[in-house]
Amino acid sequence: MTRLIRNYGAPLLLAAALIFSMAAGQAAASAAEARAILETTINQVFDEMKKPELQNPDERDAVLDRIENIVRSLFSFEELSMRTVGPAWKNFSADQKKRFIDAFGDLLRERYLGSLDGYSGETVSYLGETSSTKGDRVEVQTNIIVDNKPVPVNYRMLKKDRWLVYDVIIEGVSMVQNYRSQFQTVLDKGDAEQLISLVRDKAAETRAEQNKK
Amino acid sequence: MNRSLFPMLCLLAALCAIQPASAVTLSPTQAQSQGARDDETAVSSSVPSLDDDDEFLDAVGRIVPDPLEGWNRAMFTFNDAFIEYAARPLNEGYVYVTPDFVRAGISNFFHNAAFPVRFVNNLLQGRPRAAGVEMSRFLLNTTAGLGGLFDVARRHKPIVHVEDEDMGQTLGVWGIGEGCYIVWPVIGPSTARDSLGMAGDYFLSPGTYVQDYAEVMWGLYVFEVFNDLDKTLDLYDNLKRAAVEPYSSVRDAYVQYRRAQIEK
């Protein structure tokens with residue numbers, strides 16, 4: 001055994017180092033890839049927000065639809081739903097899963113796109129990326145600068161056929177965990193159907209509020 | 001300090017049986033019971049690391065024990081009504097009649113005056129450099145900033161930004177767990193530990209010592225919060241608007257945010 005190490009030790013070590021550095025290199029490459037996708041998408045959204053059409057009532061919906069498509073290409077609503085519902089997701093039927101994903105996507109759309117007023121000088125600075133050990137997941141750390149104040153926003157992404165965001169952490173508060181706490185409270189007393197209708201109602205309520213403005 | 005408050009806080013702390021630091025209470029789906037269990041997954045921070053993210057899929061998220069939920073929900077409803085029918089209309093009127101620079105000046109003044117709280121807590125957390133930064137800011141803003149009305153230190157490049165520290169964070173850094181969640185009337189969300197922290201910070205606040213008249217002192221504290229209320233209300237509105245179950249959302253956001261502050 002000792003001879004084996006003496007004879008082959010150095011090459012073995014070298015090979016191990018090589019494999020390790022390749023893995024590390026791959027993780028770094030995937031982190032850079034994920035970040036590039038995030039950056040491109042955020043820039044696209046800002047470009048749409050800068051368009052004057054957003055302020056025109058006749059064209060507003062078309063712009064919002066375009067932004068929604070851009071955002072939807074970045075987020076995995078299935079992952080978001082699965083992660084916010086938690087362990088109970090397994091007990092949802094295929095139909096319930098589909099209806100939940102639609103309702104939750106609708107709620108997020110109403111909440112975050114419905115109130116979009118246009119671009120008011122926000123900038124994003126990219127602070128860095130960390131990769132999971134396996135390299136299948138990446139967190140991109142950013143600061144969004146609003147009114148000269150930086151707000152730390154981290155995006156967690158995983159690789160499906162492309163890199164998709166599955167959680168957004170704003171000032172240390174994970175959106176997935178926050179919704180998970182809420183859904184847990186609902187599921188403690190109710191079932192999947194009640195949760196779906198509650199999410200639907202909230203989306204409708206938010207939509208009605210936006211339309212009033 | 002109000003004599004009845006302190007025993008109440010002690011009682012609360014005892015009642016909540018302070019838990020180990022930052023242990024996220026995660027119980028398996030089958031076991032809906034709360035409290036510490038052997039098979040619970042505990043993580044060191046609120047947001048799991050990238051590698052641990054998937055383990056959370058199989059765990060029920062109970063971020064903080066909430067044995068006082070009945071009282072807390074009642075207080076949450078009371079505070080919400082208090083905000084909508086008293087605090088917000090008053091604050092809107094105040095914002096309307098008071099120029100921005102006056103409000104900013106008042107805000108700067110109170111922040112500067114609360115320097116001992118941040119200074120001492122930085123020291124207690126073993127952050128002498130941050131304490132030094134607070135000291136420099138205080139000296140500069142009190143002199144060149146005319147008693148703290150102007151935040152001149154912010155434009156002073158060598159003085160870097162440091163996070164505001166308080167006693168609740170200090171206790172957290174020392175390894176004292178949150179205990180249970182509690183919603184105070186008017187003050188809002190807190191935990192057993194952060195309530196104790198608030199009591200501690202009270203003794204570090206200069207307002208506590210300059211006045212013989214309790215009414216004046218409490219009036220100052222209320223005014224300090226009121227002057228900055230519009231920012232707090234923005235945050236509250238955003239959270240509430242996006243929430244399906246607002247009580248749980250605020251509870252979770254408060255605890256996550258505090259854990260992130262302690263880690264910083």
Side-chain angles (χ1 to χ4, degrees), chain A residues 79 82-91 103-104 107-108 110-112 114-115 130-139 148 150 152 154 156-158 166-167 169-188 195 198-203 205-206 209-210, chain B residues 24-34 43 45-64 66 69 73 154 161 163 181 231 234-235 237-264:
Chain A
E79 279 290 328
M82 186 177 95
R83 283 167 189 274
T84 48
V85 171
W89 188 247
K90 290 195 288 280
N91 307 328
F104 192 40
L107 173 67
L108 294 177
E110 288 310 323
R111 174 61 196 90
Y112 293 101
S115 60
T130 39
S131 177
S132 65
T133 323
K134 279 190 248 160
D136 56 343
R137 242 166 289 173
V138 168
E139 184 181 270
N148 286 325
N154 299 345
R156 292 212 165 167
M157 305 172 77
L158 51 73
Y166 70 88
D167 195 2
I169 301 162
I170 305 169
E171 297 213 62
V173 180
S174 146
M175 190 184 90
V176 162
Q177 272 208 63
N178 193 274
Y179 273 110
R180 183 194 280 249
S181 294
Q182 298 177 46
F183 294 163
Q184 188 59 50
T185 307
V186 177
L187 289 169
D188 275 349
L195 183 63
L198 205 65
V199 172
R200 264 194 193 150
D201 290 351
K202 183 70 194 182
E205 186 193 316
T206 315
E209 258 173 46
Q210 309 289 7
Chain B
V24 178
T25 319
L26 294 161
S27 42
T29 338
Q30 307 85 343
Q32 296 287 355
S33 65
Q34 288 197 1
V43 290
S45 68
S46 182
V47 179
S49 78
L50 278 174
D51 286 337
D52 294 336
D53 243 4
D54 276 350
E55 280 167 34
F56 270 64
L57 286 179
D58 298 324
V60 176
R62 290 193 202 290
I63 193 160
V64 66
D66 194 1
E69 190 171 339
R73 278 189 184 270
R154 201 179 51 184
H161 173 78
E163 303 292 333
Y181 180 67
K231 290 166 204 144
D234 278 352
L235 205 74
D237 289 345
N238 270 323
L239 215 55
K240 215 174 98 176
R241 233 178 268 154
V244 174
E245 222 283 314
Y247 173 81
S248 309
S249 176
V250 171
R251 178 178 65 190
D252 178 274
Y254 175 79
V255 174
Q256 281 202 54
Y257 182 68
R258 290 295 285 173
R259 285 183 188 166
Q261 275 187 318
I262 288 164
E263 268 177 34
K264 263 194 242 168

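If you're wondering where the values come from, they're calculated on a predicted model, not measured in any experiment. Letters A, B, ... mirror the listed sequences (proteins, then strands); counts begin at 1.
- A donor-acceptor contact under 3.5 angstrom links the side chains of B:R258 and B:Q261, judged on distance only.
- Heavy atoms closer than 4.5 Å to chain B are found nowhere in A:I170, neither backbone nor side chain.
- Here the closest non-hydrogen pair linking B:A253 and A:N178 is N-ND2, 3.4 Å.
- When heavy atoms are compared at a cutoff of 4.5 Å, A:S131 approaches chain B solely by way of its backbone atoms N, CA, C and O.
- A salt bridge links B:R73 and B:E245; the closest N-O separation between the charged side-chain nitrogens and carboxylate oxygens is under 4.0 Å.
- Contacts between A:V85 and chain B at a heavy-atom distance below 4.5 Å are absent for every atom of the residue.
- For a residue to count as touching a neighbouring chain, one of its non-hydrogen atoms must lie under 4.5 Å from one of that chain's; by this rule B:R251 touches chain A with the side chain only.
- A donor and an acceptor atom, one from each side chain of B:D66 and B:Y247, are located under 3.5 Å apart.
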